[in-house]
J.: 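Would you mind keeping the following structure in view while I ask a few things?
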Amino acid sequence: MLARQSVALKLGQHQRLPPSMVRRRSQISMLVMSRSSSLHLGKMPTIPLRHMHVRAISYTAIPRFMLRAFRVPVAGATFGAGAYGYANYKFEEFRNMSSQWLNSVQDTATDVFDAATDGLKSVKSKVTEVKLPSFGAPQFLKNLFSNTRDRNDGQRDQNDNSGHDSRGKSPTPEDKTAIAALIAATLSSPSDPNQAERRDKVRSDELMHLTRKLIEIRSILLSIDQNDALKLPSIVVIGSQSSGKSSVLEAIVGHEFLPKGNNMVTRRPIELTLIHSPPSQTGQAEEYGEFPSLGLGKIHDFAQIQRTLTDLNLAVPASEAVSNDPIELKIHSPYVPDLTLIDLPGYVQIASMDQPETLKEKVSALCDKYIREPNIILAVCAADVDLANSPALRASRKVDPLGLRTIGVITKMDLVPPDQGAAVLSGNRYPLHLGYVGVVCKASRPKGSDSTALIVRKVENEFFSTHKEHFGASTSLLVGTDTLKRRLMEVLESSMASSLHNITNAVQLELEDATYQFKVQYNDRRITAESYVAETMDALKAKFKDYTTQFSKPQIREKLKMMLDEKSMDVLEQLYWSDKRAPELTAIGADPRVQPENVDAYWRYKLEAASSLLTKSGVGRDSTNLVAEGLRTLIESIASEEPFTHHPEAAERLMDFSHMILRDRVGVTADQVENCIKPFKYEVEVEPQDWQVGRLKAIELFEKEIGMCEAKVKEIRKRVGGSRRLTSLMGYVKTLEEQQADRKARRLAAESSDSDVSLTDDSLDETQDYRYTPAQLLDARHAILYSDRLGILSLRLAALKSKRCKKGPESSQLCPEIFLNVVANKLAYTSSLFINIELLEQFFYQFPREIDSRLIYDLDRKEIQKFARENPTVRRHLDLQERKDKLEEVMKSLQSLVNLRKDAQPQKRRSQGLFSSFL
C-alpha cells in the first residue's frame, strides 16, 4: 500500500489527476486486493457485472503493470496446487464468454497502454531481450497489443452500448478491473533477479538428464551391433587440419588432451563420450578419463590421456596413414555436458612428401562414412578462410544439401574484423538450419598458469564483450564456447528425440526376432560364462577320474612286465643267442643223463651275468619314466579333446602344471624304486610256483616272438616276388657276405705280413648292378636275420617245453629264459608298488586341486568371459542371450522416455491453455 502511494505521489508530480480519477483509482486498488485475497483463500470471487468507465484504472499503475505483465509467470508457485485447479476451472468458464465481453476487456487494456508515458517504450524495448516461456502467454500479449490499436475506435462505442455476454449480462467496470488484475497477478513473478537463472538451470538439468539417458541407450545399441537401423545420432566433428577442430573440442572439455604434432597425428577416429558427473560430497570436482577397451582404469592426468591417444594414433603405420578402427574415450567431469562426439582426421589440402598419395581420398572416405544419417555434422571452419573454400562445408553439403543437421562452428573470430565475423555468423551466404556459432578457442598461456580453459574463456569473453554492437544479445548471433555447449546439447537431444519413434520400432522388431531365436535354438535356457567354466572344469575332473582306472596296480604291473620282457629278450640275445656255444646248451638240456649240478660252470656264470644285467639296467628310472609318460599321454589326450580344442591357452596351462607335478615326483619315485629292487641285483629266490608261472610266460613270449618273425619273413617274401625269388636273393647275399669275409681275412693277413697284395676280385659285386636292386638286397639281409632268429627261437622254445625245464628252479642254468622271466616278474611287482605310492597317488591327489587353483581361481572376470567365448557354440549362445537382454533393457528405457514425453505434452498443453483461455 505504501509502495502504491509512493508511486502515485511520484507520478502525481508530473501530471495532475482529477479528484474523480483519484477516487476511482483507490476503488480499483481495493477491488484488486479483495479479488487476490479471495483467490488465495480458495473462494469463488463474485464479480458484479456493471459498466466500467474506460478511465477507471489509475495511470500510476501502468509502469508497474507493464513491468509485472512481461515477467515469466510463476502462478503455480504462487497459488499452489489447489489454487491452480481453481484457476483452471475459472479459465474454462471464461472461455465461454462472448467475444463482445472479451473486446471490452481488450478496450480497457488499450486505454491503459495508450496512456503510457515514454517510460513504456523503454520497457517495451527491454522486453525484446527477455526470453518468454513456451506456454503461449507471449503470443497472447502480442495478439492483445497488436489488435487493440486497430480496433480501438470502432469497438469502444459498440462495447459501451451493446456489450453483453452469452448470459445476457454486460461486464461492469469492476469485472474488467478484476480481469486485468487477474492477468497481471498471473503473469507476475517474484522480484528475485536470480529467478530466470534458476529456471534456466532447471531446464538445463532436465535436458542434460534426458540427453544422458539417450546417450546410455546409444552406447547399449552400439554394443549390440553396428546396424544402422539401431543407431542414435552422434555429433561428428569435421574440418581441415588448420581449422582449429582440436581447439574446439578441448575448449568444450576444458583440458588439452588431443594428440598434437607437426605432421598428421590423428589417424584414427576418436569416439569421445562426455559424461556430466556431479561433484563429490566434499564439493571437489573429480575429472578423469577412461579407455574402456584398454582397461587402464581412471586416468586423472589429462597429459597422460594425451600421450595415450598419441601412441594409439601413431601405432597406425605411416604407409596406411589412417585407420577405420576407432578409439573409445570417456571423460567424466562436472564441467562438461552429456555429449557424444566423434573426432575425425582433418581434411588434407596438400599431402606432404612423406605421406601416401591416397591419403586425401582415405580421409575423405573415412569422414563420409561417419557423416551419414542420422549423425549431426559439426563443421569447423576458420573465420579467416572463405567458407567457399571450407572442405567441411563442402563435405556436409554432399550428404546434407539443405543443412538440416549441420552446425557451423567459426573459429579464430579474433583474427578478422568484427563486422566481417558477424557477417559470417549470420549465415546469409551459406545458410544452415542449425546456424553458426562463433568461438575463440586459442590463447597463449602465460608462464606459471595451470588452467588453459580459464584463460581461453577469459580471452573469449573479453573479445565478444568488447564488440557488443556486433555480437551482443540484440544481434541474436550465437557466440562463445558455453553457447556452443548448450547448442550442441539441445541439438543432440532434439535429434535423438526425433529418432526415438523409429528406433523404438526397430528395437521392437529386433527384440521379437531375438526372443524367437532364443526360444527355438536354446529353449530359453540361460547360461553364464561362469557356469560354463565350472561345468568344463567338472567335466575335466570327471574325465580324468575315469581315465585313472587305466593306472590301477594290475595294469601298471602289466606295463612294467612288458617292458622288462623286452629287456630280457635283449639280454638273451646279447649273452646266449650270439654265443657260438648256444647249441651246446640246448644239447645239454636235451640229454636226460646230465644232472643240473654237473653242468659246466660257464653256464652258471652266464646266468648270473644275465640276471645282473637285467636288474642293473636302470629298472627304477625306466619304469618310473614309463608310467610318467603314460600320465603325460593321458593329459595330452584330454587337452586335445572337446572342449579344450577351443581353448588352446587353457590346454597349454593344463599341460604345464601337469608336467610340473610329474617333474617334482619322477626323480623321487625313481630313486625309491631303485632302492627297493636293490636286493634282486645280488640274489633272487625262485619258488616252484614262480618257476611254473615264469615257464608259461616264457613259452607265451617266445611263441609271440616267433609269430612276429614269421610275419616279417612273409611280408618280405611277398614284396620280393615269392619264395623262390627270396631264396635266390638270400643265397646271393650269403655268397657276397662270404666273399667279403674272405677278402677281409686275406687283407688282414696281408697287413699282418706286410706284403704288397692287391685284392681286386670284385666280379661278383659288379653283378648286383643288374641282377638285383639295392632294396631287394636289403630285404634279403633282413630275411636272413629273421630266419636265423626263427631258428634260435624255435630251438629254445622246444627246450622250454622239454621235461628238463619243467622240473623246477634247479634247471635255471639250462633254462635261463624262465629264470629271467621270473626275475622280471618280481621287479615289475615291486616297482609297481612304490610307483603307485610315490607317483600315482600324489599325482591323482594334486592334479584336481591344481585345476581349481590354476584354471578357475586364477581367472578374473575378463578371462572367464574370454574363456567362455572361445567356444563357438557357447559364444553364439551368450551373444544371443546378451543381445536379447540388451534389447529388453533398451526397450524398457525407450518406453519410459516415450511415456515421459507423452505425459509432458498434456502438461505443456494445460500450461498453454492457462493463457489461451483468455483469447
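Fair warning: this is a prediction, and the values are worked out from it, not measured in the lab. Scope of the values below: all heavy atoms of this structure, side chains included, with no hydrogens, waters or symmetry mates.
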J.: Side chain of S494, backbone of E490: donor and acceptor closer than 3.5 Å?
T.: no
J.: Say whether H877 and Q521, considering side chains only, have a donor N or O and an acceptor N or O under 3.5 Å apart.
T.: no
J.: Look at the side chain of S531 and the backbone N and O of I527, then say whether any donor-acceptor pair between them is shorter than 3.5 Å.
T.: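 No, the answer is negative, given that no donor and acceptor are paired below the 3.5 Å cut-off.
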J.: Parallel, tilted or perpendicular: which describes the rings of F644 and F867, with under 30° parallel and over 60° perpendicular?
T.: perpendicular
J.: Side chain of S658, backbone of M655: donor and acceptor closer than 3.5 Å?
T.: yes
J.: Can you confirm whether D343 sits close enough to L272 that some side-chain heavy atom of one is under 4.5 Å from a side-chain heavy atom of the other?
T.: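 The answer is no, as the side chains (C-beta and beyond) never meet within the 4.5 Å cut-off.
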J.: Do other residues, nucleotides or ligands put more than 12 heavy atoms under 6.0 Å from the OH atom of Y516?
T.: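 Open: at most 12 neighbouring heavy atoms sit under 6.0 Å from OH of Y516.
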J.: Side chain of R653, backbone of R854: donor and acceptor closer than 3.5 Å?
T.: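 The answer is yes, because a donor-acceptor pair under 3.5 Å joins these two groups.
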J.: Pick out which of L425, V424, V437, T483 makes a side chain to side chain contact (heavy atoms under 4.5 Å, CB included) with L477.
T.: L425
J.: In this structure, which one of R875, H647, H646 forms a side-chain hydrogen bond (donor to acceptor under 3.5 Å, both in side chains) with E870?
T.: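 Of R875, H647, H646, side-chain hydrogen bond (donor to acceptor under 3.5 Å, both in side chains) with E870 is met by H647 alone.
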J.: Set out, in order, the CA-CA distance, both residues' side-chain angles and the distance that settles side-chain contact (heavy atoms from CB on, under 4.5 Å) for V253 and E287, then state yes or no.
T.: CA-CA 10 Å; V253 176; E287 298 181 89; over 6 Å; no
J.: Using a 3.5 Å cut-off and no angle test, enumerate the donor-acceptor pairs between side-chain atoms of residues 307-314 and protein atoms at least two apart in sequence or in another chain.
T.:
from, atom 1, to, atom 2, distance (Å)
T308, OG1, Q304, O, 2.8
T310, OG1, Q306, O, 2.8
N313, OD1, R267, N, 2.8
N313, OD1, R268, N, 3.0
N313, ND2, L309, O, 2.7

J.: Check the surroundings of atom CD in E512: do more than 12 heavy atoms from other residues, nucleotides or ligands lie under 6.0 Å from it?
T.: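 More than 12 heavy atoms, drawn from other residues, nucleotides or ligands, come within 6.0 Å of this atom.
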J.: For the atom pair CG (L378) and OG1 (T406), what is the distance rounded to the nearest 0.5 Å?
T.: 9.5 Å
J.: Quick one: does S364's side chain have a donor or acceptor within less than 3.5 Å of a partner on E361's backbone?
T.: no
J.: Which atoms form the tightest heavy-atom contact between S495 and P233, and what is the distance?
T.: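 What the structure gives for the nearest pair is OG-CG, 3.2 Å.
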J.: Would you call the rings of F302 and H255 parallel, tilted or perpendicular, where under 30° means parallel and over 60° means perpendicular?
T.: parallel
J.: Parallel under 30°, tilted from 30 to 60°, perpendicular over 60°: which one fits the rings of H467 and F471?
T.: perpendicular
J.: Do the side chains of E888 and K884 get close enough for a salt bridge, i.e. N-O under 4.0 angstrom?
T.: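 A salt bridge links E888 with K884.
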J.: For D386, is there an ion pair with R429 - N to carboxylate O distance below 4.0 angstrom?
T.: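 Result for this pair is yes, salt bridge flagged.
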